[in-house]
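Okay, structure first, notes after.
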Amino acid sequence: MSIPKVRKAVFPVGGLGTRFLPATKAMPKEMLPVVDKPLIQYAVEEARAAGIEEFIFVTGRGKSAIEDHFDQSWELQEQLETKNKHQELAALGEWLPAAGAVAYTRQMEPLGLGHAVWCARNLVGDEPFAVLLADDLVLSQTACLKQMTDAYAEAGGNIVAVMDVPREHTNRYGILEPGETSGSLVQVKGLVEKPAPEVAPSTLSIIGRYILQPEVFSQLEKGERGAGNEIQLTDALAAQIGTDPFHGLRFEGERFDCGDKAGFLRANIAFALEREELRDDVQAFINNFANNS
Ligand code: UTP
């Protein structure tokens, strides 16, 4: 049987972003910029690089800036055109998905990531789909989701992006019980959400990139609560082990947890160093700062 293409991506952006207060009091966490681009735009561009055609945002209260960001901005466009600011015009919208390719639904209550994904069920329908968490930002040669869709074209089933974390951090992530390894794919034998370091089955952690089969919706439908009394996506996936193929992909690249202040600052430095026009200045500042502290 041929493996159907992944055409749709879900972006859960309904979280409260409490770790970034007060910055996130009136602004969605996903609009925080790394250098000059909001986190959510990196995620959408990554999805496009993986061939995604439909973009589904699961939003919540106070997230309207995200909708505005993925829309034309006529007044600004006109002003830039009048002033012949061509470079700025490109920054405004060349990356926008086509009209009608973006859809929004509201989570209504922040009951957890699993609940956010379940809210997208009618927009996804009966086909495989990707989930991208914008606060996990990946700096890589090949877009992380593209690495995953390539692996999916061979393996099918569910695929999650994984990386090793320090054992003392396993209680922050969904952790894999690994089975057989084939190249960069690891078979998933079990999954545990936020296990204590002493009981974690490995140090292989899931990051915010998933390719999922629509069957996950029937599991999420049950609304079972897990860690933190939230409806956890990891738990719904764990319940599916043994049905479809299920793999973790050790992706190439560096992941930054931008939901965390230190991770967000690291991402800004790393992405600034990738930019030719900023590299020398930023590097000189870092060297200077290190020498004087
Ligand atoms: P986090 O665990 O980082 O929660 O969510 P948060 O609310 O965004 O941030 P903090 O911890 O309060 O600072 C991980 C991802 O799941 C989404 C978030 O938007 C984020 O991308 N999420 C989480 C939802 O969409 N809905 C939820 O109910 C919970």
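Because only heavy atoms are used, hydrogens play no part in the values below, and waters and symmetry mates are left out as well, while side chains stay in. Note that ligands are numbered from 1 as they come in the structure, with each ligand's atoms numbered from 1 the same way.
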Which residues pass the side-chain contact (heavy atoms from CB on, under 4.5 Å) test with Glu168, not counting sequence neighbours? Pro166
Please list, chain by chain and in numerical order, all residues satisfying side-chain contact (heavy atoms from CB on, under 4.5 Å) with Lys222, sequence neighbours excluded. Gln219, Glu224
Run through ligand 1 for me and note each protein residue having a heavy atom under 4.0 Å from it, chain first, then residue number. Pro12, Val13, Gly14, Gly15, Leu16, Gly17, Thr18, Arg19, Lys29, Glu30, Gln107, Pro110, Leu111, Gly112, Leu113, Ala116, Leu133, Asp135
Distance-only polar pair, side chains of Gln79 and Glu75, donor-acceptor under 3.5 Å: no
Is the distance between the ring centroids of Phe217 and Phe129 under 6.0 Å? yes
Taking ILVMFWY side chains as joined if any heavy atoms are under 4.5 angstrom apart, and letting links pass through other members, which residues group with Leu92? Leu76, Leu80, Leu89
Charged N-O contact under 4.0 Å between Glu53 and Lys5: yes
